Amino acid sequence: DDPGEGDETPEATEEPTAVPTANMPDTDPARTLGTPSGSDPFDSYEKWTWPTDSDDFIAIAFKDGFMQMTGLTTMAGWRLPMISQQTNSYIELTVNSGACAEKDSYGIIYRVPVFKEPTQGYLYEVTCDGYLRLWEWNGNIQPKGEADILINWKESEDVNTGANQVNRLGVMAVGNQFTIYMNGVPQGTVSDSSFKAGFFGVFVRSVTTPRYTVKFDEMKFWENPAQ
C-alpha cells in the first residue's frame, strides 16, 4: 500500500491529553502510562497528516468525528500518519466496527520500516465476529509477498462483537516482545526480531462485506512505556 506522496519527514507534534481510568481493567496499560506522547481524535486528517487519497485497496473519508476507511478488496489496505518512527511504544486504537459482518476486519499496523514504501510490518487484526490475530507481512519477498502468523486466530470474549460496536485495540512493542490487548485485557505475547523499529497506522479488510467501511475514532501512543 502507499502512505502518500511528498518528501516530508514524519514528526510528532502533539498536544497530549490525560487518560481517564474509569471502567478500565487493572491490566490496561493506559491506566498507568500517564499522558500519551500523542493522540489523534480523527476529527480531520490534519493533526497527524493522514493521507486521504484512494487507491486500489482503500478509500478514506473524514466524517462525523471518524476516519472512515473502506476496503475495496479482500486484502488488507493501510495508511500511515506523519508520526515519527517508533522503537519501543504502546499504541492504542479506538474503533467503531461500523456495518460489519463475520470476517470483516480492521486493526493496527506497526513497525513499518520504510514510510514511503510500507510493504513490511506487523498487523494486529480483529474480526467483526470476535476473532483476533497478530501477523507479520513482508511484501518484499517474491513473487507476491509472505505472511507469517505470530499469534494465530483466537476467539476472544473481550471483543465487543457485531456491527457498530466500539473496541480498543492495544499493542505493546518493547524490544523484540509484543503483547496485544483488547479493551485493556492482554490477548497474547510473542517475540519476533524481524523489524526493530518503524512507523504505525491502521488498516481494513473487506472479507465478508463488499466495500466494508470501518470507523476509526481515536488513536494514541506512548513512547518508551515503563514496564
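Predicted, not measured: the structure shown is a model, and the values here were computed from it.
- When the shell of 6.0 Å around NZ of K63 is examined, it contains 12 or fewer heavy atoms from other residues, nucleotides or ligands.
- Closest approach of W135 and A147 over heavy atoms only: CE3-CB, 3.9 Å.
- The side-chain hydrogen bond (donor to acceptor under 3.5 Å, both in side chains) analysis of residues 94-105, with sequence neighbours excluded, yields the pairs K103-D129, D104-T209, S105-E125.
- Hydrophobic clustering (side-chain heavy atoms under 4.5 Å, transitive across Ile, Leu, Val, Met, Phe, Trp, Tyr) keeps Y131 apart from M182.
- A ring-centre distance under 6.0 Å is found for F178 and Y110.
- Between the OG atom in S89 and the CG atom in N224 there is a gap of 8.5 Å [rounded to 0.5 Å].
- D40 places no side-chain N or O within 3.5 Å of a backbone atom of M219 that could act as its donor or acceptor partner.
- In terms of hydrophobic clustering, with Ile, Leu, Val, Met, Phe, Trp and Tyr side chains grouped at heavy-atom distances under 4.5 Å, V214 and V207 are assigned to different clusters.
- Atom CZ of F66 sits in a crowded spot, with more than 12 heavy atoms from other residues, nucleotides or ligands closer than 6.0 Å.
- Here the side chain of N138 pairs no donor or acceptor atom with the backbone of E146 at under 3.5 angstrom.
- Residues Q187 and S156 come closest through the heavy atom pair OE1-OG, 2.7 Å.
- No side-chain heavy atom of Y45 sits less than 4.5 Å from a side-chain heavy atom of M67.
- Side-chain heavy atoms closer than 4.5 Å link hydrophobic residues (I, L, V, M, F, W, Y) into clusters, and following such links, possibly through other members, connects M75 to V126.
- Using a 4.0 Å cut-off between charged nitrogen and carboxylate oxygen, R79 and D53 count as a salt-bridge pair.
- Looking at heavy atoms from C-beta onward, N183 lies in side-chain contact with R168 at the 4.5 angstrom threshold.
- N167 has its side chain within reach of L169: a pair of non-hydrogen atoms, C-beta onward, lies under 4.5 Å apart.
- The line from OG1 of T52 to CE of M69 is 11.0 Å long, rounded to the nearest 0.5 Å.
- You'll find the side chain of Y106 stays beyond 4.5 Å of the side chain of L93, heavy atoms only.
- Under a 3.5 Å cut-off, the side chain of T49 and the backbone N or O of M82 do not form any donor-acceptor pair.
- Between the side chain of T119 and the main chain of G139, no donor-acceptor pair closer than 3.5 Å is present.
- Follow the hydrophobic side-chain contacts under 4.5 Å out from W153 and you never reach I108; the two are in separate clusters.
- In this structure a side-chain-to-backbone donor-acceptor pair under 3.5 Å is present from R111 to T87.
- Side-chain atoms of S206 come within 3.5 Å of backbone N or O of Y212 as a donor-acceptor pair.
- The aromatic rings of F200 and F221 lie tilted to each other, with the angle between the two planes from 30° to 60°.
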(request) Could you give me the CA-CA distance, side-chain angles and deciding distance for Y124 and L132, then say whether side chain to side chain contact (heavy atoms under 4.5 Å, CB included) is met? (result) CA-CA 7 Å; Y124 172 23; L132 49 82; 3.8 Å; yes

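- Under the 4.0 Å criterion applied to side-chain N and carboxylate O atoms, D64 and K215 are not assigned as salt-bridge partners.
- Between E136 and F195, some side-chain heavy-atom pair lies under the 4.5 Å cut-off.
- Contact check for L80 versus V112: side-chain heavy atoms found under the 4.5 Å cut-off.
- Taking the six-membered ring for Trp and thresholds of 30 and 60 degrees, Y90 and Y181 have ring planes more than 60 degrees apart, a perpendicular arrangement.
- When ring centroids are compared, W50 and F216 stay outside the 6.0 Å threshold.
- T73 OG1 to D56 CG: the interatomic distance, rounded to the nearest 0.5 Å, is 8.5 Å.
- Judged purely by atom type and a 3.5 angstrom limit, T179 has no side-chain atom pairing as donor or acceptor with the backbone of T189.
- A continuous path of hydrophobic side-chain contacts links V95 to F62 [ILVMFWY only; heavy atoms under 4.5 Å].
- Here the CD1-CD distance, from I91 to E223, works out to 10.0 Å after rounding to the nearest 0.5 Å.
- Here CD of E92 is found 7.5 Å from CD of E218. Values are rounded to the nearest 0.5 Å.
- The CH2 atom of W137 sits 10.5 Å away from the CD atom of Q120 when rounded to the nearest 0.5 Å.
- Residues P41 and K47 are in side-chain contact: their nearest non-hydrogen atoms beyond the backbone lie under 4.5 Å apart.
- Counting only distance, with no hydrogens or angles, the side chain of W78 and the backbone of P118 share a donor-acceptor pair below 3.5 Å.
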(request) Would you please test C128 and Q165 for side chain to side chain contact (heavy atoms under 4.5 Å, CB included) and show each step? (result) CA-CA 9 Å; C128 185; Q165 298 297 309; over 6 Å; no

